[in-house]
Every structure is written in C-alpha cells, then in structure tokens.
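What you see is a predicted model; the values in this text were computed from it and never measured. We name chains A, B, ... by the order of the sequence lines, and we start the count at 1 in each one.
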Amino acid sequence: MKFKDLTKYFEKLEQTSSRLSLIEILSELLKKTPGEEIDKISYLIQGRLAPFFVPLEIGMAEKTVAKAIAQAYGVTSDEVTRQFNSLGDMGLAAQKFAVKSKGTDITVNEIHKTLTQIAKTNGEGTVKKRQKLLSGLLSKMDPISAKHLIRIPLGNTRLGIGDPTVLDALATAKLGDKTKRKLLEGAYNKTSDLGLIAKTLWEKGLSGVEKLDVRVGSPIRSELCERLPSPEKVIEKMVEVDCQPKMDGFRIQIHKNKEEIRMFSRNLEEMTHMFPELIDASKKQIKAETAILDTEALAYNPDSEEFLPFQETTKRRRKHGIAEMAKTLPLKAFVFDILYKNGKSLIDEPLSKRMEILKETIGEDGVLIRTKNQIVKDSKTLTLLLEDAISKGLEGVVVKKLESKYEAGARNFNWVKLKRNSSGELNDTIDCVILGYITGRGKRIAFGAGALLVGLYDKKSDEFVTVSKIGTGLTDEEWREVHKRADRIRVEKRPARVNSLITPSVWIKPEIVIEVLADEITRSPIHTAGKSDSDPGYALRFPRLVSFRGFDKKAEDSTTVEELVEMYRLQGKK
DNA sequence: TGTGTCTGCCC
DNA sequence: ATTCTGC
DNA sequence: GCAGAATGGGCAGACACA
C-alpha cells in the first residue's frame with residue numbers, strides 16, 4: 001500500500017469523532033490491506049513500529065523532529081518551533097512547510113523500514129543520522145502525508161484510535177461486525193501483540209487467533225484499577241471484596257520457566273536484567289515448574305525495616321551498575337496474583353481460586369512476599385483497613401471482586417483502588433499562585449493555555465518560588481477563562497520577585513491563587529520551593545487543580561514554603 | 001572528561 | 001499518574 | 001462506562017559539545 005493512500009484514511013479518521021464511524025472507516029482501510037502489511041499498519045496506527053515488549057524506540061521526539069523538518073524544508077529549527085508553538089502540533093507545522101511538495105509513491109513498507117532504521121541507529125552521530133533519514137522521508141511526502149508521518153515518531157497520531165478501536169475494526173473487517181471483538185481482544189490480552197493478532201487473523205482466520213494462548217516468557221497485558229472515592233461507594237457497588245494494601249513501587253510481572261526467569265513492567269517492557277535479587281528469589285521461592293506472578297516491587301531498607309519512597313525505588317530502573325544498586329537498594333516484591341502455573345493458564349479462574357493457588361505456590365516470606373488479603377463486606381471494616389494502610393505510609397488499598405477472572409488489559413470495576421486523597425475530606429490541599437502559563441498542544445491550543453506554572457510565597461526572601469506545573473483538573477471552559485484572566489496581567493519578562501528555573505510561554509503577575517491537590521510532596525531538582533545551593537527544592541506528585549480561590553485571597557496568602565516543608569516532614573506519619 | 005539536552009518510561 | 005469529554 | 005487525549009514529577013541513559 002502506498003503511504004499516501006494510507007494517509008487519506010488517516011485524514012478521514014482525524015475528522016471523525018463518532019466511534020461507530022471511526023470503526024467503519026478503519027475497517028475499510030484494513031480490508032484493503034494485504035496480510036504482508038497488516039501487522040505494520042496495526043503498529044503505525046498506534047505510532048509504533050513493534051509491540052510494546054520489543055525494545056524498538058524511534059528515539060526522536062519534539063526537538064529532533066523539529067530539526068529534521070527544518071532540514072527537509074530549508075528553514076531554521078526556530079521557525080519550525082515557532083510554528084509548532086502556534087499550531088500545537090508538529091505534524092501541522094510540517095504540513096505547513098510542505099505546501100509545495102508533490103510527494104512520491106513510497107509504500108508503507110518502506111516507511112516502516114526507514115523508521116526502523118532510525119530506531120536502530122546508535123553511537124556517535126546518531127542525532128544527525130536520524131534527522132537525515134527522517135528529512136529524507138519528508139522529501140517524498142505531500143503535505144498531508146508529511147503531517148501524518150511526523151506524528152508517528154511523536155507517538156501521537158491524533159486519530160482518536162486506540163487498541164480497542166483497532167480490535168473493533170479488525171473484527172468488522174474480517175468477521176463482519178464488531179461483536180467478535182471479544183475473541184480478538186482475548187488473544188491480544190494474552191499475547192500483547194496487536195500486529196500478531198491482525199496478521200494471524202488475516203492469514204489463519206479466527207480459528208488461528210483463538211489458538212493464541214498465554215505463554216510463559218511472553219508478557220500478559222496487566223489488569224488495571226478503576227477508582228472510587230470512598231469505602232461506602234465500594235461496598236455499595238461491589239458488595240463483597242478482597243482487600244489488599246497498595247504498595248508504591250513498580251508493577252512487575254514475573255515469569256518462571258524452570259530455571260529461566262523473565263520480568264516485565266506494567267507496560268510490558270522487559271526488566272529482567274534490572275533485578276537480580278528477584279531472579280534468585282523467584283527460582284527459590286516459587287514452588288512450581290512454570291508460573292506467572294503479578295507483583296509490586298519496591299526498595300526496602302533492612303536496617304530500619306522500612307519501605308523506601310518511590311523516588312528511591314525508581315533508581316533501580318537502570319541498565320548499568322545493577323549489582324551495586326541491588327546491594328544498596330534491595331527490593332522486595334509483593335505478590336498479589338498468579339496467572340499461570342505448571343503449564344496451565346489461570347486467568348479464567350475466579351480471584352478466590354487464584355488466591356488459594358497463590359498461597360500454595362509462595363510459602364514463606366522472603367524477597368517475595370505474598371500480599372496480605374482479607375475479605376470485606378462492610379464499609380466500616382474497609383475504612384479501618386484503608387486507614388491502617390495509610391498510617392503505615394502505604395498508598396491505600398486495592399479491592400477486587402472475588403469471583404472475577406483476570407481480565408488482562410482491562411481497567412474496570414473488577415479492581416478498584418482507594419487512595420487517601422480519593423475520599424474527598426481531610427485532604428491537605430495547597431494554595432498556589434499562578435506565575436505563568438504554557439501554551440497547550442492538540443485541543444488545548446484553542447484554549448490559549450495548556451498548563452500553569454504555579455508557586456508559593458517564600459517569606460524569608462519575599463519572593464515567589466515554583467512548586468509544580470498544573471495540567472489537569474480544569475474543564476475546557478476553565479482553561480479558556482484562566483487564559484483570559486492571565487492575559488490581563490501578563491508581563492513581558494519574569495517578574496523580579498519570581499525565582500524559577502522553568503520558563504513558561506507567558507509570565508504573569510503573581511496574583512491568581514488556586515487550590516491544588518497532590519498525593520505527595522517530593523524533593524525536586526527542578527522546582528525552587530525550599531531550594532538552596534546545597535539542597536534540592538520541593539515539588540508536588542500528581543498535582544491537580546481543585547478550585548480557584550476568591551479575589552480576596554492575595555498571592556502572599558498562599559501556602560508558604562515553611563508550611564510546605566512542614567507538610568513534607570509530617571507526610572506518611574498521619 | 002564533565003555538563004547539558006533530549007528522550008523514554010516509571011509512577 | 002489524574003482528569004475531562006464525546007459517544 | 002468506555003475510550004481517548006490532554007496534562008503532572010522525576011529517574012537513568014544516550015549523545016552532543018565545550
């Protein structure tokens with residue numbers, strides 16, 4: 001298939017919002033796709049070259065793509081960046097510079113091949129080589145094709161199409177309608193490879209797809225949690241649940257095939273080599289020939305017997321210096337589910353059964369620890385469990401429907417997380433001052449602002465210091481309003497009383513106060529709140545706006561740095 | 001050889 | 001990660 | 001309620017460059 005024919009469909013998809021129409025258009029495209037290309041097209045639609053578990057990253061994003069565009073059309077990268085900032089989309093910027101381009105009949109296969117070549121480039125001169133390869137492709141693009149090509153390395157195709165919609169369209173194209181999606185989805189969840197599902201369906205039909213099964217050593221898509229605001233709502237909706245504490249670490253899927261151990265992240269990246277102690281423990285502690293476990297791994301301090309914050313655990317996600325880090329930051333993995341044992345998939349067994357099997361499979365606690373679980377039917381007990389978890393410095397609890405299967409890849413109300421801040425009351429919110437805004441991308445470009453730079457008042461130095469950016473919690477209308485309000489007090493330069501390492505698109509006078517909710521306060525290399533020459537600053541984890549304070553609230557009435565530091569000291573000790 | 005920029009991926 | 005919105 | 005698209009902090013690694 002010619003790439004420009006593919007982008008004709010992309011163009012239609014982009015202009016469509018009805019889900020049924022999206023599926024219709026996409027299935028028309030897929031019908032015309034030969035088996036030889038169907039896998040590649042399935043990946044490209046997602047802005048990828050291969051399934052998640054294959055480490056093939058294009059390695060070009062905003063900055064290098066801008067340079068490639070500049071090179072292709074003989075303009076400076078400043079000009080490209082300027083277009084990007086005003087259009088909110090690098091693809092649109094490329095389209096603009098490509099106005100006079102004719103384009104060739106380059107095929108989808110060739111595009112995929114060159115992008116793969118870009119991904120595989122490494123060593124000295126990588127950046128330049130990649131730019132040259134991408135600008136070479138651009139020279140073969142008409143304006144519309146240039147737009148869609150550019151969006152692929154950015155992983156943002158803006159088509160309104162995700163995995164579930166591709167599955168609907170595959171089913172519609174080959175099996176008549178989307179009712180058979182469930183069958184494709186099942187196979188996808190077990191293999192995590194959309195291209196494989198498509199190719200198998202094309203070449204071997206539905207019966208071929210149905211033969212795809214869970215395999216030890218191949219990652220299964222993780223089941224995810226929905227959220228509910230309170231224990232009462234949980235019991236109301238779920239009646240009886242299994243309740244487990246929620247640890248703050250990495251999700252690790254451990255595969256054991258006799259002496260061979262492999263591990264995958266929540267997003268199916270291979271992490272085996274990072275955690276030697278988990279490899280050893282898996283060999284010793286898993287009482288089965290073959291098994292797949294769902295776990296949460298986090299760093300543990302054997303001296304204090306305490307679990308370390310996420311910021312410490314995340315240092316273990318590395319390629320070099322693994323053995324040394326395994327010594328200084330040893331991990332424990334809390335096992336909370338079992339998906340496979342001794343040649344048999346367990347994902348269709350109810351949770352209660354899986355918990356029994358898990359008990360027999362992981363005995364004594366060691367580096368692997370079976371997560372404590374308890375059946376709960378009343379909101380009072382659940383409240384106590386949640387409070388207990390919080391008082392131990394944990395994130396909260398996860399509750400699960402007892403009879404639910406392991407619905408790989410799903411985020412639904414089979415699994416629900418309850419966190420401290422979800423309950424509504426008793427939240428420690430922070431009053432922040434808006435210091436500037438950042439123009440948005442995509443749909444936010446129309447609102448004038450896509451994120452806010454916010455800070456606190458520092459009494460000691462009588463200045464405003466940054467503590468976070470805020471990109472969520474506002475409705476579309478509120479984004480428009482806050483942009484208007486901000487523009488009335490915009491200033492050309494950073495105000496003298498503002499101390500910031502971050503430069504927003506537009507600085508404003510520090511006057512507007514907002515109430516911000518966050519899950520945690522962290523030490524920060526980039527924010528200036530509480531920062532000194534020798535110590536890092538403080539920042540907010542998962543920040544979101546909850547309200548605009550009234551006009552009576554002055555900037556100097558915002559939360560002070562001193563108060564923030566005190567909150568940092570007290571957190572987790574509740 | 002040290003530092004800064006950019007990217008991808010954890011949450 | 002959290003949140004909002006169209007369907 | 002699902003699916004998708006906006007957006008957050010912060011870590012390590014790969015390169016570029018002085």
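Nearest-nucleotide mapping onto DNA chain D: of A:Lys128 and A:Thr522, the residue sitting toward the 5' end is A:Thr522.
Across all strands, A:Phe542 comes closer than 4.0 Å to base atoms (heavy-atom distances). Residue contacts for A:Thr64: at a heavy-atom cut-off of 4.0 Å it reaches the sugar-phosphate backbone alone, with no base atom in range. Residue A:Leu20 is classed as having no contact, given no heavy-atom separation below 4.0 Å to the nucleic acid.
The one candidate from A:Lys246, A:Lys419, A:Arg541, A:Lys417 that meets the salt bridge (charged side-chain N to carboxylate O under 4.0 Å, His left out) condition with A:Asp519 is A:Lys419.
B:dG8 and C:dA1 have their C1' atoms separated by 16 Å, given to the nearest Å.
In terms of phosphate contacts, A:Lys319 brings no side-chain nitrogen or oxygen within less than 4.0 Å of OP1 or OP2 of D:dG13. Residue A:Lys417 places at least one side-chain N or O closer than 4.0 Å to OP1 or OP2 of C:dT2.
Checking B:dT7, D:dC11, D:dC15 against every side-chain atom of A:Arg317, the shortest atom distance belongs to D:dC11. Distances were taken from every side-chain heavy atom of A:Phe310 (C-beta onward) to each of D:dG13, B:dC10, D:dA12; the shortest belongs to B:dC10. Listed nucleotides: D:dT7, D:dG9, D:dG10. Nearest to the side chain of A:Arg441: D:dT7. Of the candidate nucleotides D:dA6, D:dA14, B:dT7, D:dA6 has the atom lying nearest to any side-chain atom of A:Arg444. Distances from the side chain of A:Arg318 to the nucleotides C:dA1, D:dG10, D:dA12 place D:dA12 closest.
With 3.5 Å as the limit, one finds a donor-acceptor pair spanning the side chains of A:Thr272 and A:Glu270. A side-chain donor from one of A:Glu407 and A:Asn414 sits under 3.5 Å from a side-chain acceptor of the other.
Remark: A:Arg151 fails to qualify as a cation-pi partner of A:Phe10 under the 6.0 Å distance and 45° angle criteria applied to the six-membered ring. A cation-pi contact, defined as under 6.0 Å to the ring centre and within 45° of the axis, links A:Arg48 to A:Phe52. Relative to the ring axis of A:Phe264, A:Arg251 does not place its NZ or CZ within 45° and under 6.0 Å from the centre.
Only at 4.0 angstrom or more do the heavy atoms of residues 474-483 of chain A sit from any atom of DNA chain D, so none qualifies.
What separates CD1 of A:Ile118 from C1' of B:dT7 is a distance of 15 Å, to the nearest Å. The distance between atom CG of A:Leu540 and atom P of B:dC11, rounded to the nearest whole Å, is 20 Å.
A:Glu185 has a carboxylate O that lies under 4.0 Å from a charged side-chain N of A:Lys182, or vice versa, which qualifies the two as a salt bridge.
Between A:Phe307 and A:Tyr300, the ring planes are tilted. Angles from 30° to 60° get that label. Ring-plane geometry between A:Trp415 and A:Phe336 is classed as perpendicular, the angle between the planes exceeding 60 degrees on a 0 to 90 degree scale with a lower cut at 30.
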Mind listing the N/O atom pairs, protein and nucleotides 1-4 of chain D, below 3.5 Å?
{"residue": "D:dG1", "atom": "OP1", "partner": "A:Lys237", "partner atom": "NZ", "Å": "2.4"}
{"residue": "D:dG1", "atom": "OP2", "partner": "A:Lys237", "partner atom": "NZ", "Å": "3.4"}
{"residue": "D:dA3", "atom": "OP1", "partner": "A:Arg181", "partner atom": "NH1", "Å": "3.2"}
{"residue": "D:dA3", "atom": "OP1", "partner": "A:Arg181", "partner atom": "NH2", "Å": "2.5"}
{"residue": "D:dA3", "atom": "O3'", "partner": "A:Arg19", "partner atom": "NH2", "Å": "3.4"}
{"residue": "D:dA3", "atom": "O3'", "partner": "A:Thr165", "partner atom": "OG1", "Å": "3.4"}
{"residue": "D:dG4", "atom": "OP1", "partner": "A:Gly162", "partner atom": "N", "Å": "2.4"}
{"residue": "D:dG4", "atom": "OP1", "partner": "A:Gly162", "partner atom": "O", "Å": "3.3"}
{"residue": "D:dG4", "atom": "OP1", "partner": "A:Thr165", "partner atom": "OG1", "Å": "2.3"}

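For A:Thr472 against D:dT7, a side-chain-to-base donor-acceptor contact under 3.5 Å is absent.
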